[in-house]
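A quick write-up on the structure given underneath.
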Amino acid sequence: MIQFYNTLSGKLEPFNPITPVEIKLYTCGPTVYDYSHIGNCRAYIFEDLLKRFLIFKGYKVKHVMNITDVDDKTIKGANAEGIKLQEYTKKYIDTFFEDINVLNILKADFYPRATEHIQDMVKMIKGLLQKGYAYKKDGSVYFSIAKFPNYGQLSKINLEELKPGERIESDEYEKENVNDFALWKNKKEGEPFWETEIGAGRPGWHIECSVMSSKYLGQTFDIHCGGTDNIFPHHENEIAQSEAYSGKKFVNYWIHCHHLIVDGEKMSKSKGNFFTLRDLLNKNVNPSILRFLLLSTHYRKMLNFSFKALEQASASFQRIKDFLYELKNRSFEEGENEEIPLLIEEMNQNFTGGLNDDLNIAVALRAIFEMIRKVNILISQGKIYREDADKLVSSFNSLDEVLGVLHEEKEEMLPSEILKIIEEREKARKEKNYKLADQIRDELLRKGIVLEDTKDGVRWKRGKAKS
RNA sequence: GGCGCGGUACCCAAGUGGCUAAGGGAGAGGUCUGCAAAACCUUGAUUCGUCGGUUCGAGUCCGACCCGCGCCUCCA
């Protein structure tokens with residue numbers, strides 16, 4: 001049985017899909033005004049883990065992720081560069097796809113864009129006007145939260161106690177109630193707009209998710225994900241719009257991941273601790289290791305990113321890689337150990353059991369590390385045979401359908417000059433010229449290449465460049 | 001102010017009523033090795049922020065307090 005923490009109820013709940021045939025999943029996608037930062041990456045990776053796990057459990061998943069390509073920030077960005085909105089957002093849409101690809105995130109089935117669903121939005125807004133949930137004012141359309149008594153159910157916010165804040169003054173739109181939110185924003189100087197039945201203007205932010213989720217997944221669907229900051233007001237407003245319009249429950253399970261902080265502080269550009277994925281790749285951070293790090297903290301816990309944490313994750317990750325390398329490359333005798341299938345079964349049980357429990361990743365990873373230790377002991381006792389090694393490798397590959405980190409990148413080739421150097425060293429070793437051999441080894445170490453002399457010959461791997 | 005999260009070994013971190021408190025990293029010891037490195041094995045908290053309480057029994061429940069952090073109208 002799978003259970004998830006549902007923000008709506010504030011409790012762990014058994015997961016019961018609307019139809020077991022196919023789970024309908026909606027995840028809040030990027031606003032394409034900048035490169036993905038590592039906080040975005042964490043959210044995407046969490047959603048990917050969730051989705052992969054559901055697939056691993058045998059479900060089909062229909063996944064929709066929106067792309068917000070018109071909003072205050074994209075407009076501002078395009079204007080700042082003096083280019084058309086589409087031209088501006090295209091760049092970040094492209095880089096978004098590059099980023100999720102680098103992180104080995106499974107593709108969604110649909111990536112609907114706000115600008116391509118204006119007519120659908122107009123239709124929903126018209127419906128809300130007709131039903132009396134929305135009103136027009138100075139060319140804009142607002143949702144009247146006073147008409148929706150359940151407002152606040154997701155965020156547990158009591159509107160009477162919500163202090164309006166200073167934002168009212170800076171808001172140039174007139175609303176009946178400060179907490180009402182815009183469904184449609186009147187045309188404004190210097191902003192793109194659409195001529196529609198409800199007037200010339202552009203959509204408010206929340207309406208796109210309500211429209212596009214129901215269009216592709218139906219008016220009631222299973223899971224909606226996002227970061228905790230989206231709970232209020234974005235997701236609260238989505239519920240209000242969608243349920244007012246359809247009269248049906250919008251989403252059964254709201255699953256939110258917590259934020260990421262850097263060195264114990266909120267990540268912000270002004271603090272200089274703001275990292276995009278690109279920044280890290282430029283620092284030669286291995287994306288699999290980054291994925292492993294972002295994956296290994298439970299999604300509802302705040303994740304403290306630091307370069308020290310990255311190093312620890314790297315060492316931990318390397319332990320798994322070394323184990324698999326050993327299984328694949330060591331020469332084992334023919335035969336099999338009947339204990340192995342039992343150990344594999346135990347690992348699978350523990351791994352799946354952990355993830356069943358609200359994606360408890362720590363328990364799942366423990367299952368893997370316990371397996372590694374047990375098998376390493378058997379290897380040192382000579383009790384692992386060729387077939388066992390093969391079975392173990394394929395069992396790890398199977399679990400990696402969920403983790404998405406171990407998959408073998410293409411066998412990396414070293415530059416031929418370095419291969420030549422390694423050969424030279426081998427020759428020196430055969431001639432017992434250990435002084436030269438050690439010299440060469442140190443030289444390669446400085447270049448970040450670690451050599452290991454094993455019984456089955458020399459092995460190299462990437463390490464940290466040491467001076 | 002409102003809502004919420006967390007404080008478990010040097011670091012990260014699981015565990016939410018009951019055998020000896022997971023796992024990973026670092027450290028230490030050992031195996032292997034020409035020596036190394038790497039890898040592998042072994043090793044770690046009489047104790048779970050503080051103080052009370054409930055209970056036969058609490059890190060785990062209740063209360064108070066201390067500390068750190070996040071969100072609160074467009075930042076995942």
Side-chain angles (χ1 to χ4, degrees), chain A residues 7 10 27-31 33-34 36-47 68 71-73 152 155-158 160-165 167-168 171 178-182 204-206 225-234 236-237 256-261 264-269 274 293 296-298 300-304 306 308-309 311-320 322-323 325-326 350 354 360-370 372-373 375-377 379-381 429 432-435 437-438 441-442 445 450-455 459-461 463 466:
Chain A
T7 308
T27 60
C28 271
T31 300
Y33 72 104
D34 200 356
S36 311
H37 63 246
I38 55 174
N40 299 128
C41 295
R42 186 203 187 178
Y44 302 151
I45 287 171
F46 144 66
E47 288 153 4
T68 303
D71 80 315
D72 292 353
K73 286 185 303 246
S155 53
K156 278 85 183 162
I157 274 174
N158 182 342
E160 266 98 66
E161 290 168 10
L162 191 68
K163 55 172 184 174
R167 278 208 145 248
I168 305 174
D171 198 328
V178 287
N179 294 309
D180 288 351
F181 57 92
W205 174 38
H206 316 294
C225 295
T228 52
D229 60 326
N230 276 150
I231 295 172
F232 187 84
H234 185 49
E236 196 69 71
N237 292 352
H256 292 96
C257 76
H258 210 309
H259 273 204
L260 168 155
I261 56 176
E265 287 189 305
K266 179 180 176 162
M267 179 168 77
S268 72
K269 285 178 180 165
F274 185 93
L293 170 65
S296 7
T297 294
H298 183 79
R300 281 195 287 117
K301 277 200 85 175
M302 196 183 305
L303 189 161
N304 187 9
S306 65
K308 187 186 172 195
E311 274 178 39
Q312 291 194 357
S314 173
S316 181
F317 182 66
Q318 192 61 45
R319 180 165 163 83
I320 305 175
D322 283 332
F323 176 70
Y325 184 92
E326 189 75 358
N350 292 336
N360 190 331
I361 189 73
V363 168
L365 292 177
R366 171 173 68 200
I368 288 179
F369 285 109
E370 282 177 343
I372 290 175
R373 185 169 34 80
V375 173
N376 273 331
I377 291 171
I379 289 176
S380 69
Q381 293 170 342
R429 286 189 70 218
K432 299 209 189 292
N433 185 351
Y434 295 119
K435 201 178 163 195
D438 291 353
R441 186 172 61 204
D442 290 344
L445 189 60
V450 179
L451 292 186
E452 293 177 22
D453 300 324
T454 72
K455 282 193 184 107
R459 172 197 174 190
W460 67 270
K461 66 181 180 184
K466 281 173 193 160

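In what follows, chains carry the letters A, B, and so on, assigned in the order in which the sequence lines appear, proteins first and then strands, with residues in each chain numbered from 1.
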Review point. Does any nucleotide pair with rG70(B) by Watson-Crick or G-U wobble geometry, both distances under 3.5 Å, and what is it?
Key: rC3(B)
Practice item. For rG18(B) versus rG30(B), give the span between their P atoms, rounded off to a whole number of Å. Key: 40 Å
Practice item. Go through rU42(B), rA14(B), rG25(B) for me and flag the one nearest to the H298(A) side chain. Key: rA14(B)
Check your understanding: What is the nucleic acid contact for L451(A), judged by heavy atoms within less than 4.0 Å: base, sugar-phosphate only, or nothing?
Key -> base
Point to revise | Base partner of rU47(B), which must satisfy Watson-Crick or wobble distances under 3.5 Å | key: none
Check your understanding: So how far is it from F46(A) CZ to R300(A) CZ, rounded to the nearest 0.5 Å?
Key -> 10.0 Å
Practice item. Using a heavy-atom cut-off of under 4.0 Å over every strand shown, decide if G39(A) touches base, sugar-phosphate, or nothing. Key: base
Point to revise | CG on N40(A) to NE2 on H37(A), rounded to 0.5 Å | key: 3.5 Å
Check your understanding: When we call it a touch if two heavy atoms are under 4.0 Å apart, what does H234(A) touch: a base, just sugar-phosphate, or nothing?
Key -> nothing
Practice item. Considering only atom C1', compute the distance from rG57(B) to rC19(B) and round it to an integer number of Å. Key: 13 Å
Check your understanding: Which word best sums up how the rings of H234(A) and H206(A) line up, parallel for under 30°, tilted for 30 to 60°, or perpendicular for over 60°?
Key -> tilted
Check your understanding: Given rA39(B), rG24(B), rA14(B), which nucleotide is nearest the side-chain atoms of D322(A)?
Key -> rA39(B)
Exercise for review: For L303(A) and rG6(B), give me the distance from atom CG to atom C1', rounded to whole Å.
Suggested key: 13 Å
Practice item. Describe the nucleic acid contact of A309(A) in one word from base, sugar-phosphate, nothing, applying a heavy-atom distance below 4.0 Å. Key: nothing
Check your understanding: Say you pick atom C1' in rU33(B) and the same atom in rC69(B); how far apart are they, in whole Å?
Key -> 49 Å
Check your understanding: Would you call F369(A) and I372(A) a side-chain contact if the rule is heavy atoms closer than 4.5 Å?
Key -> yes
Point to revise | Complementary nucleotide of rA28(B), counting Watson-Crick and G-U pairs under 3.5 Å | key: rU42(B)
Check your understanding: In whole Å, what separates the C1' atom of rC48(B) from that of rC61(B)?
Key -> 16 Å
Study note, to complete from the structure: Taking a pair to mean Watson-Crick or G-U wobble geometry with both distances below 3.5 Å, rU55(B) pairs with none
Check your understanding: L293(A) CG to rC11(B) P: how many Å, rounded?
Key -> 18 Å
Point to revise | For atom CD of Q381(A) and atom C1' of rU31(B), their distance in whole Å | key: 13 Å
Point to revise | CG-CZ distance between L293(A) and R42(A), expressed to the nearest 0.5 angstrom | key: 9.5 Å
Check your understanding: Quick one: does E370(A) reach the base of rG23(B) with a side-chain donor-acceptor pair under 3.5 Å?
Key -> no
Review point. Less than 5.5 Å between centroids and less than 30° between ring planes, does F369(A) satisfy that with rG23(B)?
Key: no
Exercise for review: Could you tell me the separation between the CG atom of L365(A) and the P atom of rG24(B), rounded to a whole number of Å?
Suggested key: 11 Å
**Study point:** Short side-chain N/O contact from R319(A) to OP1 or OP2 of rC40(B), under 4.0 Å
**Key:** yes
Revision key, fill the gap. The answer to which of Q318(A) and T297(A) contacts RNA chain B further toward the 5' end, by nearest nucleotide, is T297(A)
Review point. Does V363(A) or K308(A) map to a spot on RNA chain B nearer the 5' end, using the closest nucleotide for each?
Key: K308(A)
Review point. What is the nucleic acid contact for I368(A), judged by heavy atoms within less than 4.0 Å: base, sugar-phosphate only, or nothing?
Key: nothing
Check your understanding: What does H206(A) touch in the nucleic acid at a heavy-atom separation under 4.0 angstrom: a base, only the sugar-phosphate, or nothing?
Key -> nothing
Point to revise | P atoms of rU43(B) and rG6(B), separation to the nearest Å | key: 32 Å
Study note, to complete from the structure: Side-chain contact check for D438(A): nearest option of rA13(B), rC35(B), rC11(B) is rC35(B)
Review point. Taking atom CD1 of I320(A) and atom CD1 of I368(A), what is their separation to the nearest 0.5 Å?
Key: 5.5 Å
Exercise for review: Using a cut-off of strictly less than 4.0 Å, decide whether K266(A) has a side-chain nitrogen or oxygen near OP1 or OP2 of rC71(B).
Suggested key: yes
**Study point:** Value in whole Å for how far the P atom of rC74(B) lies from CG of N237(A)
**Key:** 12 Å
Review point. Heavy atoms, side chains only, cut-off 4.5 Å: are E311(A) and K308(A) in contact?
Key: no
Exercise for review: Classify the nucleic acid contact of I377(A) as base, sugar-phosphate or nothing, counting any heavy atom under 4.0 Å across all strands shown.
Suggested key: sugar-phosphate
Revision key, fill the gap. Regarding the side chain of R366(A), the nearest nucleotide among rA14(B), rG25(B), rG70(B) is rA14(B)
**Study point:** Heavy-atom side-chain contact between H258(A) and T297(A) under 4.5 Å
**Key:** no
Point to revise | Who pairs with rA13(B) - Watson-Crick or G-U, where each distance is under 3.5 Å | key: none
Review point. Between K432(A) and rC35(B), does any side-chain N or O lie under 4.0 Å from OP1 or OP2?
Key: no
Review point. For the pair made of CD1 in I361(A) and P in rG24(B), what is the distance, rounded to whole Å?
Key: 15 Å
Check your understanding: Think N304(A) has a side-chain N or O under 4.0 angstrom from the OP1 or OP2 of rA13(B)?
Key -> no
Review point. Would you say the base of rC12(B) and the side-chain of Q312(A) have a donor-acceptor pair closer than 3.5 Å?
Key: no
Revision key, fill the gap. Between CG of D229(A) and P of rU73(B) the distance, given in whole Å, is 11 Å
Exercise for review: Provide the distance between the two C1' atoms, one in rC62(B) and one in rG2(B), to the nearest whole Å.
Suggested key: 24 Å
Study note, to complete from the structure: Among rC41(B), rC12(B), rA14(B), the one nearest any side-chain atom of R373(A) is rC41(B)
Check your understanding: Say you pick atom C1' in rG15(B) and the same atom in rG59(B); how far apart are they, in whole Å?
Key -> 9 Å
Exercise for review: Ignoring the backbone of N376(A), work out which of rC40(B), rC71(B), rU73(B) is nearest its side chain.
Suggested key: rC40(B)
Point to revise | Nearest-0.5 Å distance, NE2 of residue H259(A) to NZ of residue K266(A) | key: 7.5 Å
Check your understanding: To the nearest angstrom, how far is N350(A) atom CG from rG15(B) atom P?
Key -> 14 Å
Check your understanding: Between rC69(B), rA13(B), rG25(B), which one does the side chain of I261(A) approach most closely?
Key -> rC69(B)
Review point. Taking the P atom of each, how far is rC40(B) from rC66(B), in whole Å?
Key: 47 Å
